[in-house]
Amino acid sequence: MFQALHTKGVAMPVDFTKIVKPSDFDLRNGLDNSILQNREEELIACSIIAILAHNGDRWIPFSFAEYRKLCAYNVFAYEELIFEQLVKIGMLKVADQKYSVTHRFIGMLCDFIKTA
């Protein structure tokens with residue numbers, strides 16, 4: 001959808017985390033058939049968005065323990081491996097045992113952003 005802003009003929013990268021809020025996503029049907037093409041990754045991404053939307057509606061860092069505590073379902077230990085896979089593909093970053101959503105996360109899931 002949006003990949004860069006053009007300023008005076010120069011493409012400027014867009015940091016989606018600054019312009020899109022978690023509540024901007026339509027999660028009524030989950031993230032089924034997203035570009036991720038992986039049901040477990042889609043479920044986790046959907047849960048991350050929902051948790052952040054209901055806890056300040058900001059893209060704030062969170063630990064796996066916080067995710068597990070706030071998740072709407074019983075989280076399995078193996079899901080932490082999926083978090084690591086999301087880090088490897090650049091959708092999440094991790095620092096000091098806290099995960100953060102990246103602009104790539106939002107960009108890859110932009111088809112699920114609500115439209116007016």
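All figures in this text were calculated on a predicted structure; none of them were measured in a lab.
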Main-chain N/O of A77 paired to E80 side chain as donor or acceptor, under 3.5 Å: no
L81 reachable from L36 in the ILVMFWY side-chain graph, under 4.5 Å edges: no
Considering all heavy atoms, the nearest L109-A45 contact: CD1-CB, 4.0 Å
Donor-acceptor under 3.5 Å (D57 side chain, S23 main chain): yes
Euclidean distance, I89 CD1 relative to T102 OG1, rounded to 0.5 Å: 9.0 Å
Below 3.5 Å, can you tabulate the donor-acceptor pairs from side chains in residues 90-99 to any protein atom, sequence neighbours excluded?
unit_1, atom_1, unit_2, atom_2, d
K98, NZ, E66, OE1, 3.3
K98, NZ, E66, OE2, 3.2
Y99, OH, E84, OE2, 2.5

pair F112-C46: side-chain heavy atoms closer than 4.5 Å: no
Distance (rounded to the nearest 0.5 Å) between L86 CG and R104 CZ: 10.5 Å
Residue pair W59 / S100, side-chain heavy-atom distance below 4.5 Å: no
Heavy atoms of other groups near R68 CZ, more than 12 under 6.0 Å: yes
Gap separating the CD1 atom of I44 from the CG atom of N38, nearest 0.5 angstrom: 8.5 Å
Test item: D32 side-chain N/O and S34 main-chain N/O as donor-acceptor pair under 3.5 Å: no
Beyond-backbone contact of I51 with F62, side-chain heavy atoms, under 4.5 angstrom: no
Approximate separation, where rounding is to 0.5 Å, of F64 CZ and C71 SG: 8.5 Å
4.5 Å side-chain heavy-atom contact, Q85 and E41: yes
I60, CD1 atom: more than 12 neighbouring heavy atoms under 6.0 Å: yes
Trace of the side chain to side chain contact (heavy atoms under 4.5 Å, CB included) decision for C110 with I113: CA-CA 5 Å; C110 66; I113 294 174; 4.0 Å; yes
Side chain to side chain contact (heavy atoms under 4.5 Å, CB included) evaluation trace for L31 with I49: CA-CA 10 Å; L31 299 174; I49 294 167; 4.3 Å; yes
Atom pair CD1 (I106) and NZ (K21), whose distance is rounded to the nearest 0.5 Å: 12.5 Å
Nearest-0.5 Å distance that lies between atom CG in D26 and atom NZ in K114: 6.5 Å
Flag side-chain contact, heavy atom, 4.5 Å: L52 against V101: yes
